*Asks:* 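Pasting a structure below so you can have a look.
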Amino acid sequence: MEQLNTEPTKTTANAQKPFRMSVLVCAGTGCVSNNSFKVMEALQDEIKKHNLEKEIQIVGTGCNGFCAEGPLLVVQPDEIFYAQLKVKDIPLLVEEHFLKGRPVEKFMYTPPEGEVAIPKMSDIDFFAHQRLIALRNRGLIDPEKIDEYIGRDGYTAIAKALTEMSPAEIVQEIVDSGLRGRGGAGFPSGVKWQLCAKQDSDTKYIVCNADEGDPGAFMDRSIIESDPHSVIEGMLIGAFGMGASEGFIYIRNEYPLALERLHVAIEQAEKYGLLGENILGTNFSFKMNVVRGAGAFVCGEETALIASIEGKLGEPRPRPPYPVESGLWGKPTNINNVETWANVPIIIDRGAKWFASIGTETSKGTKVFSLVGKINNTGLLEVPMGITLRDIIYKIGGGIPNGKKFKAIQSGGPSGGCIPEDQLDLPVDYESLSEAGSMMGSGGMVVMDEDTCMVDVARYFLTFTRDESCGKCAPCREGTWQMHEILTKITEGNGTLNDLAVLEALAEVVKDTSLCGLGQTAPNPVITTLRYFRDEYLAHIEKKECQAHVCRELNTYIIHGDVCKTDGKGCGVCRRECPDKAITGEKGKAHVIDQQLCGKCGVCYDVCNFNAITIE
Amino acid sequence: MPKLKIEDLQKIKQRVQQTTNLREGKSRAKITVHMGTCGIAAGARDIMDAVMEIIENNNVDDVIITTSGCAGLCSQEPMATVELPGQTPVKYIDLTKAKIAKIFDGHVMNGKIVADFVLGVGSEQTH
Ligand SMILES: Cc1cc2nc3c(=O)[nH]c(=O)nc-3n(C[C@H](O)[C@H](O)[C@H](O)COP(=O)(O)O)c2cc1C
Ligand code: SF4
Ligand code: SF4
Ligand code: FES
């Protein structure tokens, strides 16, 4: 890590030389895995070569959001956006743009259907429809320099809270803002804070839930990687408001970069006296701890998380008592998600009214989503509540790749639901998503196209929840296992209508009787696919047919003799590749598959270069 | 290690404003130094250095400094263009360190075009 200029008086003299240009290189996990550190090194070398190091500053930032196009960089002040950079592109880029001021078109982003490169970041559709509140500093600051956070009004909210507001006023402000939990259930944060604040106890704790166990989700990781101080400041404000003096950030162990940035941030905040005793010269003190997650998905559930911090087995327990009454070591404990905390400083800074003016009646502010699956622009986005799913998919996400048709979008992580085409005009808020059978969850969104089999999707998510069920309560333990068995049976072509009835009944029981949120929501993928894609279940059961050709056992591979003979000249590739030796034929002649021997692995279909094989 | 007081936050903020303002594209003016091969040969680098020095010494945090390629008037290099928001850009020619300092003071900071060094007005709007 670079030496921190912690002495305010000294820095004025040396570190803050002005630069005419800032090159903001994405150093988020996605871009780092695409070699962005190498690109950054090359930039440094090349800038030195041209003697530009006094004029041009290189900054490593957190995830920019458009991970699909990484490694990327943004050149300010002109806001020029470069995508998919390689080390070998750097000399030309530095000479042309940085020295001679001519942005290089061929390194800019070109939309999938467009022909013209778009130079400015804010003109790119992916960014144009976003609204950044929780991610307000993303890509604009170096997350490892506390001064840069302060330069963007960082820590002014805690200063305001400590000097101009009473704890009760702070809590009221959060109540008035309408902020709801971003970690899953969407509980009104202000109400939870009120409950915690009113507990009579000498010791109270606050916790930041950064466990983020949903597969494919990386909202919280990105917030910590790009702006760790926003979370720390949010927690400071919460602690002051609720009367807590110690906090814990429970962070997923598989997030090394986020963990590192968090440690750097805490160390810097401690040096500045923004954590520790007598913060900002007041008599408010607060100690911050970081705890690494135990790894299981269920540890993200608040009572399991508390047990895990206490050093016990990470298993949920029945509520009540709720953590605000009896949490860590039996003391009142307020838990919020990373994104929830990151919203707090700006609410205090700009006021509840401002925040409440964004979003819908019941859901205020913005939400960060990770958009993955069959979508052109995969990445991380923050949008105002109330935006439609259609806008997210088509305006920001850029639609479905390869001209395929949209089939469903799954929101809310592994236990969210699948929403079909005819519901795409739903405004994204907590209530609408629940009514559609899905949920906001922590913000994972998976887009599925026509090649997706919805029964298989339900089975896939049930595999996850079955494996992650901690086994403490029977409905979840047995129910997810049985539902998974039935789904597997159906995808293998052995399902009956009775199975379908049992599946439906099971889903309701598991939902209603499980102990924690994992079991209560695990049936969602089953329930929603049954609701919107029942015809697919029926086709698997009654016609032994998988329209998407995903369920291999239901496929029949057929060689079209004429095509094989005339186009492929009986090349024989499939015959050699077939592991079951089910294909016969001679060179130059049509080949055939012996359906009795065929193990339905699909290799022949994949290897035939002449489209002579089809799936029926 | 001195711990921060409330007032210190403001000081740090001002200190980093230069960089952050620039990143957000907030500016009172934009100076473009022409950095084509001929410009560099004629001393455009010195002009750039001079500009950087001026903004550093005066804590100027809201002027965008940028470069551009050859302006096609190689005999009149080094050149720079000054552009104030909403106004037509003004091109200055045959620059020296002293001249650019005058232009900075007169045009950039006080909005008065320094007519003596002007080539022409309105050649290329860049923002
Ligand atoms: C199985 C399970 C896993 C969960 N995982 C997370 C998680 O990774 N991150 C998170 O913030 N909340 C998670 N939650 C929700 C937490 O229990 C809790 O509601 C949340 O952290 C409260 O913060 P919020 O009100 O700010 O959303 C999970 C819940 C369940 C039932
Ligand atoms: S790979 Fe295709 S073309 Fe070749 S023998 Fe098999 S079916 Fe015929
Ligand atoms: S599907 Fe598999 S087993 Fe059947 S013929 Fe093709 S390669 Fe052989
Ligand atoms: S990591 Fe670079 S854009 Fe997400």
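Remember, it's a predicted structure, so these values are computed and weren't measured experimentally. Each chain gets a letter, A, B and so on, in the order its sequence line appears, and its residues count up from 1.
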*Asks:* Does the side chain of H107(B) reach to within under 4.5 Å of the side chain of Y92(B), using non-hydrogen atoms?
*Replies:*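 A side-chain contact under 4.5 Å exists here.
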*Asks:* Side chain, backbone, both or neither: which part of N51(A) has a non-hydrogen atom closer than 4.5 Å to chain B?
*Replies:*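 Both backbone and side chain.
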*Asks:* With respect to chain B, which residue among T282(A), T156(A), L274(A), L24(A) yields the maximal number of heavy-atom pairs within a distance under 4.5 Å?
*Replies:*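 Result: the option with the highest number of such pairs is L24(A).
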*Asks:* Assess the pair Y82(A) and H97(A): is the distance between their ring centroids shorter than 6.0 Å?
*Replies:*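 Yes: the rings meet the under 6.0 Å criterion.
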*Asks:* Quick one: what part of I31(B) sits under 4.5 Å from any heavy atom of chain A, side chain, backbone, both or neither?
*Replies:*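 Contact with chain A is absent: no heavy atom of I31(B) under 4.5 Å.
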*Asks:* I'd like to know if D123(A) pairs up with K120(A) as an ion pair, taking the criterion as any Lys NZ or Arg NE/NH1/NH2 lying under 4.0 Å from an Asp or Glu carboxylate oxygen.
*Replies:*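 Salt bridge between D123(A) and K120(A), a charged N being under 4.0 Å from a carboxylate O: no.
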*Asks:* Examine whether an atom of V74(A) lies under 4.5 Å from a heavy atom of chain B, and if so say whether it belongs to the side chain, the backbone or both; otherwise answer neither.
*Replies:*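 V74(A) has no heavy atom closer than 4.5 Å to chain B.
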*Asks:* Less than 4.5 Å to any heavy atom of chain B: does that hold for the side chain of T163(A), its backbone, both, or neither?
*Replies:*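 Contact with chain B: side chain only.
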*Asks:* Less than 6.0 angstrom separating the ring centers of Y155(A) and H229(A), yes or no?
*Replies:*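 Yes, the ring of Y155(A) comes within the 6.0 Å limit of the ring of H229(A), centre to centre.
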*Asks:* What part of E96(A) gets within 4.5 angstrom of chain B, counting heavy atoms only: side chain, backbone, both, or neither?
*Replies:*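 The answer is neither part of E96(A).
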*Asks:* Could you look at E55(A) and say if it's the side chain, the backbone, both or neither that has a heavy atom under 4.5 Å from chain B?
*Replies:*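 Both parts, backbone and side chain.
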*Asks:* When you measure from the side chain of R261(A) to the backbone N and O of E225(A), does any donor-acceptor pair fall under 3.5 Å?
*Replies:*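 Checking the backbone N and O of E225(A) against the side chain of R261(A), a donor-acceptor pair under 3.5 Å is found.
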*Asks:* Are the ring centres of F127(A) and F81(A) closer than 6.0 Å?
*Replies:*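 When the ring centroids of F127(A) and F81(A) are compared, they turn out to be within the sub-6.0 Å range.
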*Asks:* Quick check for you: among Q10(B), K11(B), E7(B), R45(B), which has the greatest number of heavy-atom pairs under 4.5 Å with chain A?
*Replies:*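 Highest number of heavy-atom pairs under 4.5 Å: R45(B).
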*Asks:* Measuring only between side-chain heavy atoms, which start at C-beta, is D105(B) closer than 4.5 Å to N110(B)?
*Replies:*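 Yes, side chains in contact.
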*Asks:* Could you look at L162(A) and say if it's the side chain, the backbone, both or neither that has a heavy atom under 4.5 Å from chain B?
*Replies:*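 Neither part, no heavy atoms under 4.5 Å.
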*Asks:* Let me know if Y149(A) has heavy atoms under 4.5 Å from chain B in its side chain, its backbone, both or neither.
*Replies:*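 Contact with chain B is absent: no heavy atom of Y149(A) under 4.5 Å.
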